[in-house]
Amino acid sequence: MRRRSLILGTVLAAEGVLLSHGSPEPALDDLVAWAKAIGRRHGLLIGFGNPAQFYTPPFGATDAVIPSCEADPVVFDNLRPALDGIATSLALYPPGFIAKYCRAIFICGNLRCEGVSAGGTYGPAWIILSANPVFGPGGIHETARLGVHHEFSSLILARSPALVPRWIATLPVGWQSIESTRDALLQAGDEGHDGFLSSYGATSVENDFNTYAETAFGDPPRLVELARTSRTIRQKATLLLGLYISLDERLNATFRSFGLGELLAESGDHP
């Protein structure tokens, strides 16, 4: 769901990307060609420009409207780190998997939801990632890298209603979601508790699921470490892994390559 940028101190270099950090500034035509190449490789559109055009058929312009949010066009100088982060994350998924559920990834500039800057959001069949100039190149890269997993997982969850009651069963007694997008976004950056990986994750079932997906794909060693110390985190991790594998069995090998094998034995009961 919509989230604040996750800016990390270390920027991970993408292996085998067309453009690397520190290279001469590419021309716009080169970036457009690179975006098209990434899209062709994964069977989806990588788009940017006017946010009013952020949609894919059979949807229309009205579907590009993000409730309670405003998006600025991305600044040319910020495209490279965003594309780099997107390419890095898409390469982790089995060929064709993303495209079954997501038709496009759009890049905007500053994204504001109820007045608070957010790192991304999603539409009926696409995700939107923010390349906000204030993030800096490293922050833009990490926002895109982690944002692919985070926002894409909302499209997965929307198509998996049977998982929701099982996820709710893992939540603390008396837990309540936060309805305000602004209040949820303002939780970003705080530590997690009670089986939540962050305070932002504790604001709703969807945000909780998003943070688990983001961590499973973006920082799997952390998920393993936390799962060893918390039964609830282990339950949620295995629910998430089981769901993804039920959608594409190839992800079993993917998760094992991430070092998540010890969690897979418990994920056989797919949602």
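Throughout, numbering of the chain's residues begins at 1 and tracks the sequence. Side-chain atoms are counted along with the backbone in the values below, which use heavy atoms only and exclude waters and symmetry mates.
Under the side chain to side chain contact (heavy atoms under 4.5 Å, CB included) criterion, Glu225 pairs with no residue at all, not counting sequence neighbours. With sequence neighbours excluded, the residues that form a side chain to side chain contact (heavy atoms under 4.5 Å, CB included) with Arg250 are Pro94, Pro95, Phe97, Asp248. Looking at residues two or more places apart in sequence or on another chain, you find a ring-ring contact (aromatic ring centres under 6.0 Å, His included) between Phe217 and Tyr93, His149, Tyr244, Phe255, Phe258. Every residue two or more places apart in sequence or in another chain that forms a side chain to side chain contact (heavy atoms under 4.5 Å, CB included) with Leu45 is listed here: Thr56, Ala104, Phe106. Under the salt bridge (charged side-chain N to carboxylate O under 4.0 Å, His left out) criterion, Arg228 pairs with Glu262, sequence neighbours left out. Listed by chain and number, the residues in a side chain to side chain contact (heavy atoms under 4.5 Å, CB included) with Val32 are Leu28, Lys36, Phe48 (sequence neighbours excluded).
Under the salt bridge (Lys or Arg N to Asp or Glu O under 4.0 Å) criterion, no residue pair touches residues 42-62, with sequence neighbours excluded. Among residue pairs with one or both ends in residues 120-133, none qualify as salt bridge (Lys or Arg N to Asp or Glu O under 4.0 Å); sequence neighbours excluded. Residue pairs satisfying the side-chain hydrogen bond (donor to acceptor under 3.5 Å, both in side chains) criterion with at least one member in residues 94-113, sequence neighbours excluded, are listed as follows: Asp72-Arg112, Asn110-Ser117, Asn110-Asn132.
One finds the CZ atom of Phe135 at 12.0 Å from the CD atom of Glu142 (value rounded to the nearest 0.5 Å). Between the CD1 atom in Ile168 and the CG atom in Asp208 there is a gap of 10.5 Å [rounded to 0.5 Å]. Here the CG-CG distance, from Asn210 to Leu197, works out to 11.0 Å after rounding to the nearest 0.5 Å. Interatomic distance, Ile105 CD1 to Ile128 CD1, rounded to the nearest 0.5 Å: 11.5 Å. In this structure, Leu79 CG and Asp84 CG are separated by 12.0 Å, a value rounded to the nearest 0.5 Å. Taking CD1 of Ile46 as the start and CD1 of Ile38 as the end, the distance is 6.0 Å to the nearest 0.5 Å.
Within the 4.5 Å cutoff, no side-chain heavy atoms of Thr143 are placed close to those of Leu129. With a 4.5 Å cut-off on side-chain heavy atoms, Trp126 and Leu44 do not count as touching. The shortest distance between side-chain heavy atoms of Lys236 and Phe196 falls below 4.5 Å. Between Thr170 and Gln235, the closest side-chain pair of non-hydrogen atoms falls below 4.5 Å. In this structure, the side chains of Pro73 and Cys108 stay at 4.5 Å or more apart for every pair of heavy atoms. In this structure, Leu226 and Thr215 have side chains that are not in contact, with every pair of non-hydrogen atoms separated by 4.5 Å or more. Inter-residue side-chain proximity for Phe209 and Leu163 is flagged as met; some heavy-atom pair is nearer than 4.5 Å.
Looking at every heavy atom in both residues, Cys102 comes nearest to Leu155 through CB-CD1, 3.8 Å. Nearest heavy atom pair, residue Thr232 against residue Asp194, reads CG2-O, 4.4 Å. Scanning both residues, Leu263 and Arg234, for their nearest heavy atoms gives CD2-NH1, 3.5 Å. Taking every heavy atom of both residues into account, Pro133 and Asn78 meet most closely at CG-ND2, 3.5 Å. Ala87 and Trp34 get closest at one heavy-atom pair: CB-CZ2, 4.5 Å. Summarising the geometry of Ile107 relative to Ala131, their closest heavy-atom pair is CG2-CB, 4.0 Å, with the distance given to 0.1 Å.
A chain of hydrophobic side-chain contacts below 4.5 Å, direct or via other Ile, Leu, Val, Met, Phe, Trp or Tyr residues, connects Val134 to Ile140. The cluster map of Ile, Leu, Val, Met, Phe, Trp and Tyr, joined by side-chain heavy atoms under 4.5 Å apart, puts Leu239 and Val164 in the same cluster. The same ILVMFWY cluster, assembled from side-chain heavy atoms under 4.5 Å apart, contains both Trp175 and Tyr212.
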### Message
Between Ile127 and His150, is the side chain to side chain contact (heavy atoms under 4.5 Å, CB included) condition met? List the steps.
### Response
CA-CA 10 Å; Ile127 66 175; His150 188 110; over 6 Å; no
### Query
Does the side chain to side chain contact (heavy atoms under 4.5 Å, CB included) test come out yes or no for His42 and Ile98, once each step is laid out?
CA-CA 7 Å; His42 298 283; Ile98 289 272; 5.6 Å; no
### Query
Which is it for Val205 and Leu171 under the side chain to side chain contact (heavy atoms under 4.5 Å, CB included) test, yes or no, and what are the steps along the way?
CA-CA 9 Å; Val205 168; Leu171 303 180; 4.0 Å; yes
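The main-chain N or O of Gly218 is found under 3.5 Å from a side-chain atom of Arg145 such that the two form a donor-acceptor pair. With Ser246 contributing its side chain and Leu243 its backbone, the two residues share a donor-acceptor pair below 3.5 Å. Distance alone, capped at 3.5 Å, is enough to place a donor-acceptor pair between the Ser130 side chain and the Gly109 backbone.
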